[in-house]
Amino acid sequence: MGDRVKMSDGRDVPVLAFGTSMVSDLQMRKVLGQALDVGYRHIDTAQVYGNEKGIGDVLREYFSQGKLKRDDVFVTTKLGATKMLKDDVRPAVEESLRNLQLDYVDLMLIHNPCASKNRGDGTLVPMDDHGNVGMDNVYFTETWKELEKLVREGKITAWESATSTLCKPDTVLSVATIRPVLNQVECHAYLPQLELLEFCKKRKVLLEAYAPLGSAGRPEEFKEGAKDEPVLLEEPVLKQIGDKYGKTPAQVLIRNLLQRGILVTAKSGTLSRIKENFQVFDFMLSAEDMAAIGNLRNDHRYFTFRKLFGSHPQYPFRIPF
């Protein structure tokens, strides 16, 4: 895989995205500029991240100064779980466009198949007094049909990020008049998503990995009490392989996914690691090394979202993949 790949709709997408989850608006004004200067041309954000305005400010600066043109940058954002009702979709997309200061986004994902109650006050993750998410049983096919209208208007291209929306069986594919192009899921050496990758390939849907390095450093609220979980970056075999190429374990993990034909979203807030994560196009892992990384599979999932959405009827992780 080179630095770009063609989607089923004929457009090219950069295979390595700069992830922005848990990066504030204030931080974004610093780190996004660094990422663009390093060479990232794919930006991955979401309404729930709360940093679309910061991204928009940086992009406006780069466009106005002639550092980049709009066509140089591929922007992905995600529809929030509180915005999945038919009447909420268009206003939510238009708000993202205003925040990002763009006429269109290159890709709009349905962030989560588990819809949450829209309180009408801008709350992105509505919680009750007991710490539970206020659920709403909106079926994502309703959301998809509304997004298709915006695709026809040239404002977005849409797909969703949870595996269950692909299956049970081919749910979105069975109703879509505009076919999906990409499915973003947790994917790394522990959770290689072999079955899902094959499923997507047969349907000409690209697979994109988030948490490609494992996510041992994620906030405590996402660990859900996990103890003594494996730390992917500390696997000895990754250092051994990296030493052969003069690369770090992180670079080995990203390269492994790219060679498997999987797009990667890599996040960092420090310049050295932003650079490191991007320096993965100048080496090729051998078949032996790829097999050794494949042997790390243990199906460990860092993000189960069980505490937030485990009781939701659309909870995605009740199926095999």
Side-chain angles (χ1 to χ4, degrees), residues 1-8 13-19 40 42 44 161-163 166-167 181-218 226 228-268 273-304 316-317 319-321:
M1 180 181 281
D3 62 353
R4 286 178 175 265
V5 67
K6 196 171 290 294
M7 298 186 293
S8 61
V13 55
V15 298
L16 184 56
F18 181 65
Y40 288 88
H42 184 173
D44 181 275
S161 61
T163 59
L166 273 164
C167 311
V181 296
L182 184 143
N183 191 23
Q184 187 186 95
V185 297
E186 179 180 345
C187 183
H188 42 73
Y190 285 157
L191 187 69
Q193 300 282 15
L194 301 179
E195 297 83 0
L196 181 59
L197 178 60
E198 186 63 25
F199 183 97
C200 288
K201 282 182 176 179
K202 289 179 179 178
R203 290 152 181 83
K204 298 182 179 179
V205 173
L206 293 175
L207 195 66
E208 182 175 13
Y210 72 78
L213 310 181
S215 196
R218 67 198 185 284
D228 301 322
E229 63 179 4
V231 180
L232 180 55
L233 283 169
E234 295 180 1
E235 288 287 348
V237 68
L238 298 176
K239 185 178 186 308
Q240 294 167 9
I241 293 172
D243 287 346
K244 290 169 54 177
Y245 301 94
K247 295 293 183 178
T248 65
Q251 290 169 322
V252 169
L253 287 167
I254 293 171
R255 184 68 216 174
N256 169 255
L257 290 169
L258 294 177
Q259 285 185 217
R260 293 181 57 218
I262 298 171
L263 282 68
V264 176
T265 294
K267 182 185 80 72
S268 180
R273 289 184 179 173
I274 289 171
K275 289 180 177 178
E276 175 186 322
N277 291 343
F278 196 75
Q279 294 167 346
V280 292
F281 297 104
D282 58 351
F283 74 109
M284 183 78 69
L285 295 170
S286 69
E288 179 184 27
D289 294 330
M290 292 288 287
I293 296 168
N295 288 335
L296 292 174
R297 177 178 182 174
N298 59 17
D299 293 324
H300 180 76
R301 191 181 295 276
Y302 286 97
F303 291 92
T304 68
F317 303 133
I319 56 178
F321 64 89

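The basis for the numbers below is simple: all heavy atoms, side chains too, and nothing from hydrogens, waters or symmetry mates.
The shortest non-hydrogen separation linking Glu208 to Ala17 is OE2-CB, 3.9 Å. When every heavy atom of Ile262 is checked against every heavy atom of Cys187, the shortest pair comes out as CD1-SG, 3.9 Å. Nearest heavy atoms, Ile254 versus Ala266: CD1-CB, 4.2 Å. In plain terms, the two heavy atoms of Pro212 and Ala209 that are nearest each other are CD-O, 4.4 Å.
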>> Evaluate Leu16 against Asp3 for side chain to side chain contact (heavy atoms under 4.5 Å, CB included), listing each step before the verdict.
In response: CA-CA 7 Å; Leu16 184 56; Asp3 62 353; over 6 Å; no

>> As a quick check of understanding, evaluate side chain to side chain contact (heavy atoms under 4.5 Å, CB included) for Lys244 and Asp289, giving each step before the final call.
In response: CA-CA 10 Å; Lys244 290 169 54 177; Asp289 294 330; 3.0 Å; yes

>> Checking Val5 against Val13 for the side chain to side chain contact (heavy atoms under 4.5 Å, CB included) test, could you report, in this order, the C-alpha distance in whole Å, the side-chain angles of both residues, the deciding distance, and whether it holds?
In response: CA-CA 6 Å; Val5 67; Val13 55; 3.6 Å; yes

> How far apart are the C-alpha atoms of Asp44 and Tyr210, what are their side-chain angles, what is the distance that settles it, and do they pass the side chain to side chain contact (heavy atoms under 4.5 Å, CB included) test?
Replying inline: CA-CA 10 Å; Asp44 181 275; Tyr210 72 78; over 6 Å; no

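Side-chain atoms of Leu253 and Leu233, non-hydrogen and from C-beta on, do get closer than 4.5 Å to each other. In this structure, the side chains of Ser268 and Ile274 come closer than 4.5 Å at one or more pairs of heavy atoms. For the pair Lys247/Asp282, a side-chain contact is recorded, criterion being any heavy-atom separation below 4.5 Å from C-beta on.
Within a 6.0 Å sphere centred on CZ of Arg273, other residues, nucleotides and ligands contribute 12 heavy atoms or fewer.
The residue from Leu191, Leu232, Leu213 that alone fulfils the side-chain contact (heavy atoms from CB on, under 4.5 Å) condition with Tyr302 is Leu232.
In this structure a side-chain-to-backbone donor-acceptor pair under 3.5 Å is missing from Glu276 to Gln251. Side chain of Arg260 to main chain of Pro192: a donor-acceptor pair is present (N/O by atom type, distance under 3.5 Å, no hydrogens or angles). A donor-acceptor pair under 3.5 Å is absent between the side-chain atoms of His300 and the main chain of Tyr190, judged by distance alone.
Rounding to the nearest 0.5 Å gives a distance of 13.5 Å between NZ of Lys204 and NZ of Lys6. In this structure, CG in Asp243 is found 11.0 Å from CG in Leu238, a value given to the nearest 0.5 Å. One distance of note links CG of Leu196 with CD of Glu186; it measures 12.0 Å at 0.5 Å rounding. Glu235 CD to Leu296 CG: the interatomic distance, rounded to the nearest 0.5 Å, is 5.0 Å. Here the CG-CG distance, from Leu285 to Asn256, works out to 6.5 Å after rounding to the nearest 0.5 Å. In this structure, CE in Met290 is found 9.5 Å from CD1 in Ile241, a value given to the nearest 0.5 Å.
Looking at Arg255 and Gln259, their side chains do bring a donor and an acceptor atom within 3.5 Å of each other.
Classified by interplanar angle (parallel below 30°, tilted 30° to 60°, perpendicular above 60°), the ring pair Tyr245/Phe283 is tilted. Using a 30° and 60° split on the angle between ring planes, Phe278 and Tyr40 fall in the tilted class, from 30° to 60°.
Remark: Asp299 engages Arg297 in a salt bridge, criterion side-chain N to carboxylate O under 4.0 Å.
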